[in-house]
Amino acid sequence: MMDILYFAWVRERIGLPKERVTTDAATVADLVAELSAREERYAMAFSDLSALRVAVDQELTDFNAPLAGVREVAFFPPMTGG
Amino acid sequence: MMDILYFAWVRERIGLPKERVTTDAATVADLVAELSAREERYAMAFSDLSALRVAVDQELTDFNAPLAGVREVAFFPPMTGG
Amino acid sequence: MRIVVQDAPFDLGVESEAFAAGRHDMGAIVTFTGVVRDTADDLDVMEIEHYPGMTEKALTAIAEEAMQRWNLGDVLVIHRYGRLVPGDRIMMVATASPHRRDAFEAADFLMDYLKSRAPFWKKEHGKGGTDWVAAKDEDEDALSRW
Amino acid sequence: MRIVVQDAPFDLGVESEAFAAGRHDMGAIVTFTGVVRDTADDLDVMEIEHYPGMTEKALTAIAEEAMQRWNLGDVLVIHRYGRLVPGDRIMMVATASPHRRDAFEAADFLMDYLKSRAPFWKKEHGKGGTDWVAAKDEDEDALSRW
């Protein structure tokens, strides 16, 4: 069981801010493939990974990051704070 | 007639903040030579010109600056503002 | 070190004064304040979304990195989220150091990292419609300075 | 642009707030504040002498140069003279710009020039006696950055 969070336009495209999933995905990339296969709105949100950033358990990482033991994954566009 | 101003340790060595002089000195360097010849305290204050800065009519300049038409010359150590 | 993430406004004057107060060992204090800008007179609302939990962690990590890299006595970071209007202050950072170069560089560093590494996203609501602010390449490039 | 040379204290909070107030076109505000520092706990009084008349001219020239070199909406310089004690604020500069890089660089520039080109001299009165603060080579060298 893992929480998946979406922010900014990723949240808007997928249509929800957070969901709980059960997955055997070994890496973030595997999880993205699994979600993209689900529904068109996921496939669209994940269509260009270079426009996305990912955090695993609230730490920025990349799409090769392993998911073993992970409780929270978040997808969002490049940040625009400040 | 020209006002000569002294600041910081130059003022302390010479013993006054300001004096009015009548001089034919053509440049700041000439004025320094003239003042230094006057009294020991001037000679001491001007002994190392590399430790001094000069302003002519309230603009920083150098010891070669001409004095024609000048109303105010100031001598002081390197500045330490901020 | 103080990290604040809030939707409420903050008082720049009060925060600056409080940050600077009572330090006899810090000769240099730098503050940076970010203001919602409306250059073309067409912005109604700037909406700022963030990632509660990660935001505080990311800002703390950035501030700790600054404390390690420069000679700093203190760091303050305040960042707002929610709906802001032009003229509102979005955020501020403050640094205190014995020396001015450290205070300047650390504040500059904090801003560069906060722009591209803290999980905030801006959405503009204006006469031209509604749009997420795109990250700028120059902001990402700025990180290579450090 | 506002240049203030005074012996009276200034209020950092009030000045920061007033400087930032009501600007919708400036996204970035940087302030630098200099504080009388007493690292070794042996400073009683910092006396600041200046050159009335030239001081205001020099600060104005430095601020105007900054306005020309960077994209700035406003510049503030406040510098005190007279007798100060540790913890007192000696001076502050503030810059407002549409962009953070301009605001940072201009404030940094103002400080470097103000250190070595504005006619102020500091004298320390402390347990170790009384001495004029010597100009630092690094402060003079800093000017070559600009």
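Reminder, nothing fancy here: chain letters follow the sequence lines and each chain counts from 1. Here the structure is a predicted model, which means the values were calculated and not measured.
- Note on C:Val30, C:Asp25, C:Asp108: by heavy-atom pairs under 4.5 Å with chain D, the leading option is C:Asp108.
- With respect to chain C, the highest number of heavy-atom pairs below 4.5 Å among D:Gly13, D:Ala28, D:Gly34 belongs to D:Gly13.
- By the side-chain contact (heavy atoms from CB on, under 4.5 Å) test, C:Arg117 is found to be paired with A:Leu60, C:Ile62, C:Tyr113, C:Glu140, C:Leu143, residues two or more places apart in sequence or in another chain being considered.
- A distance of 8.0 Å separates NE2 in D:His99 from CD in C:Glu138, rounded to the nearest 0.5 Å.
- Here the closest heavy-atom approach between residue C:Gly87 and residue D:His24 is recorded as CA-CD2, 3.6 Å.
- Only the backbone of C:Met26 comes within contact range of chain D, with heavy atoms under 4.5 Å apart.
- Within the 4.5 angstrom heavy-atom criterion, only backbone atoms of D:Val36 (N, CA, C, O) approach chain C.
- Looking at C:Asp112, the atoms closer than 4.5 Å to chain D (heavy atoms on both sides) sit in the backbone and in the side chain alike.
- Comparing D:Glu15, D:Lys115, D:Arg37 by heavy-atom pairs within less than 4.5 Å of chain C, the highest count is held by D:Arg37.
- The OG1 atom of C:Thr31 sits 7.0 Å away from the CE atom of D:Met92 when rounded to the nearest 0.5 Å.
- To the nearest 0.5 angstrom, C:Asp139 atom CG is 9.5 Å from D:Arg101 atom CZ.
- For the set C:Ala96, C:Pro98, C:Ala103, the entry with the most heavy-atom pairs within less than 4.5 Å of chain D is C:Pro98.
- Of all heavy-atom pairs between D:Leu12 and C:Ser16, the closest is CD2-O, 3.7 Å.
- For the pair D:Glu17/C:Arg89, a side-chain contact is recorded, criterion being any heavy-atom separation below 4.5 Å from C-beta on.
- The contact between C:Ala107 and chain D is made by backbone and side chain atoms together, counting heavy-atom distances below 4.5 Å.
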